[in-house]
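Working notes, beginning with the structure itself.
Chain A is the first sequence line, chain B the second, and so forth, proteins listed ahead of strands; every chain is numbered from 1.
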Number of protein chains: 2
Amino acid sequence: MDKYQEPLDTIFHALADPTRRAVVQRLVEGPAPVKELAAPYDMALPSFMKHIGVLESAGLIASQKQGRVRTCTLNPGKLAAAEKWFEEQRASWASRFDNLDNLLTSLQGETDET
Amino acid sequence: MDKYQEPLDTIFHALADPTRRAVVQRLVEGPAPVKELAAPYDMALPSFMKHIGVLESAGLIASQKQGRVRTCTLNPGKLAAAEKWFEEQRASWASRFDNLDNLLTSLQGETDET
DNA sequence: TTGATACTTATCCATGCGGCTAACTATAGT
DNA sequence: ACTATAGTTAGCCGCATGGATAAGTATCAA
């Protein structure tokens, strides 16, 4: 019964956690093995791996195993996709008075507040 | 026993839901009463109000009641705060080869892959 | 003043999330 | 071969989330 999840849902959900954001911030500097990524956190490894899993299934990072070491790398494209959403909103916000009707309605709203 | 929540946690969490993102996209065009915002969704009003509550406590929107009508307005500042995080990551990503050590380590990583 | 409108409050429910431990697997080093 | 390392798998737990319904409140319109 899985409901369809939009890409932005999983991306934003992945970023709504300080540990996961910090991992992204670390990977932005370059690839790193799981062990190194996990080191700063007072958390059991399986718990940490779940975070990696969330980031990976959101497409924000990729990982591959070499011997016993799994190395994670950032996928900046997904980061860009999320950023794009904000840009779009900003664009709409900037043009919210583009047509005169909107402007007039807004002005009326302001003067109605007596 | 609430754990301290960082602002970005609540902002990203608020945006990790298609209904809430759509509300933001609507409010970017200008303020609107709850009833109008809720109209497109096949959802009970109390459920919808929870989404409004999430957006509001994340600081993404504000609302005030006039008579029986509660009007919501966007707070573009919080949107900008989230966007800023992406810009920071992008900046780090762009400068990841700024010092020579990083570059060399990376090149070595590439050639090791035989 | 009666009724409709626009929320609001209270309560419930299933699922998902973030953490844990314990036990297992596979590789590297000695 | 043995041991340490680096993940992995499996299962458990408590709380938050996203939905629902039912009933209450306050305001506006006739």
Side-chain angles (χ1 to χ4, degrees), chain A residues 1-6 8-24 26-27 31-58 60-73 112-114, chain B residues 1-24 26-27 31-58 60-73 112-113:
Chain A
M1 293 290 150
D2 293 334
K3 220 170 135 185
Y4 176 68
Q5 290 264 92
E6 298 184 44
L8 284 179
D9 288 14
T10 55
I11 294 176
F12 283 134
H13 169 248
L15 296 175
D17 178 285
T19 302
R20 289 192 295 254
R21 276 199 310 282
V23 167
V24 169
R26 167 60 190 79
L27 288 180
V34 168
K35 212 237 176 158
E36 185 187 322
L37 291 172
Y41 307 101
D42 185 18
M43 189 184 297
L45 225 222
S47 309
F48 184 79
M49 288 299 294
K50 280 195 192 174
H51 288 301
I52 297 294
V54 170
L55 287 168
E56 191 159 10
S57 60
L60 285 163
I61 70 171
S63 75
Q64 52 180 12
K65 213 169 172 177
Q66 188 89 265
R68 8 170 219 189
V69 176
R70 175 172 298 277
T71 301
C72 301
T73 56
D112 275 356
E113 279 157 22
T114 9
Chain B
M1 295 296 146
D2 293 335
K3 220 171 136 186
Y4 177 67
Q5 290 263 93
E6 298 184 45
L8 284 180
D9 289 14
T10 57
I11 295 177
F12 283 134
H13 169 248
L15 296 176
D17 177 287
T19 302
R20 291 193 294 255
R21 274 199 313 280
V23 168
V24 169
R26 165 63 190 77
L27 289 179
V34 167
K35 215 257 186 133
E36 184 187 323
L37 290 172
Y41 307 100
D42 184 20
M43 191 184 292
L45 226 222
S47 307
F48 184 79
M49 288 299 296
K50 279 195 193 174
H51 288 300
I52 297 294
V54 169
L55 287 168
E56 192 159 10
S57 60
L60 286 163
I61 71 172
S63 74
Q64 52 180 13
K65 213 168 173 179
Q66 188 89 265
R68 357 166 229 191
V69 175
R70 175 172 297 277
T71 301
C72 302
T73 57
D112 275 355
E113 279 156 22

Rounding to a whole Å, what distance do you find between [X]:[atom1] and [N]:[atom2]?
X       : N      : atom1 : atom2 : answer
A:Ile52 : D:dA6  : CD1   : C1'   : 13 Å
B:Phe48 : C:dA6  : CZ    : P     : 14 Å
B:Phe12 : D:dA16 : CZ    : C1'   : 20 Å
B:Asp42 : D:dT21 : CG    : C1'   : 15 Å
B:Met43 : C:dA6  : CE    : P     : 19 Å
B:Met49 : C:dT9  : CE    : P     : 9 Å
A:Gln5  : C:dG16 : CD    : C1'   : 10 Å

Taking only residues two or more places apart in sequence, or in another chain, which ones meet [X] in a side-chain contact (heavy atoms from CB on, under 4.5 Å)?
X       : answer
B:Ser57 : none
B:Pro40 : none
B:Ala44 : B:Pro46, B:Ser47
A:Val54 : A:His13, A:Ala14, A:Arg20

### Message
Suppose the criterion is salt bridge (charged side-chain N to carboxylate O under 4.0 Å, His left out): which pairs have a residue in residues 36-45 of chain B, not counting sequence neighbours?
### Response
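Sorted pair list: B:Arg26-B:Glu36.
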
### Task
Not counting sequence neighbours, which residues clear side chain to side chain donor-acceptor pair (under 3.5 Å) with B:Thr73? List them please.
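By the side chain to side chain donor-acceptor pair (under 3.5 Å) rule, B:Thr73 matches no residue at all.
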
Should [X] and [Y] count as side-chain neighbours, where that means a heavy-atom distance under 4.5 Å?
X       : Y       : result
A:Arg21 : B:Phe12 : yes
A:Val23 : A:Leu60 : no
B:Gln66 : B:Thr71 : no

### Task
Sequence neighbours left out, what passes salt bridge (Lys or Arg N to Asp or Glu O under 4.0 Å) with A:Asp17? Give chain and number order.
none

### Query
For A:Glu56, which residues count as a salt bridge (Lys or Arg N to Asp or Glu O under 4.0 Å) partner, sequence neighbours excluded?
none

### Query
So does A:Lys35 get a side-chain nitrogen or oxygen closer than 4.0 Å to the phosphate oxygens (OP1/OP2) of D:dA6?
yes

### Query
Quick one: is D:dG19 close enough that its OP1 or OP2 comes under 4.0 Å of any side-chain N or O from B:His51?
yes

#### Entry: Terminal axis angle for the helix from C:dT1-D:dA30 to C:dT30-D:dA1, five pairs an end, nearest 10 degrees
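End-to-end axis angle for the helix from C:dT1-D:dA30 to C:dT30-D:dA1: 30°, rounded to 10°.
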
Kindly give the atom pairs (protein nitrogen or oxygen, nucleotide nitrogen or oxygen) under 3.5 Å for nucleotides 21-27 of chain C.
residue: C:dT27; atom: O2; partner: A:Arg68; partner atom: NH1; Å: 3.3

### Query
In residues 13-20 of chain B, which residues come under 4.0 Å of DNA chain C by heavy atom?
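DNA chain C contact set from residues 13-20 of chain B: none.
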
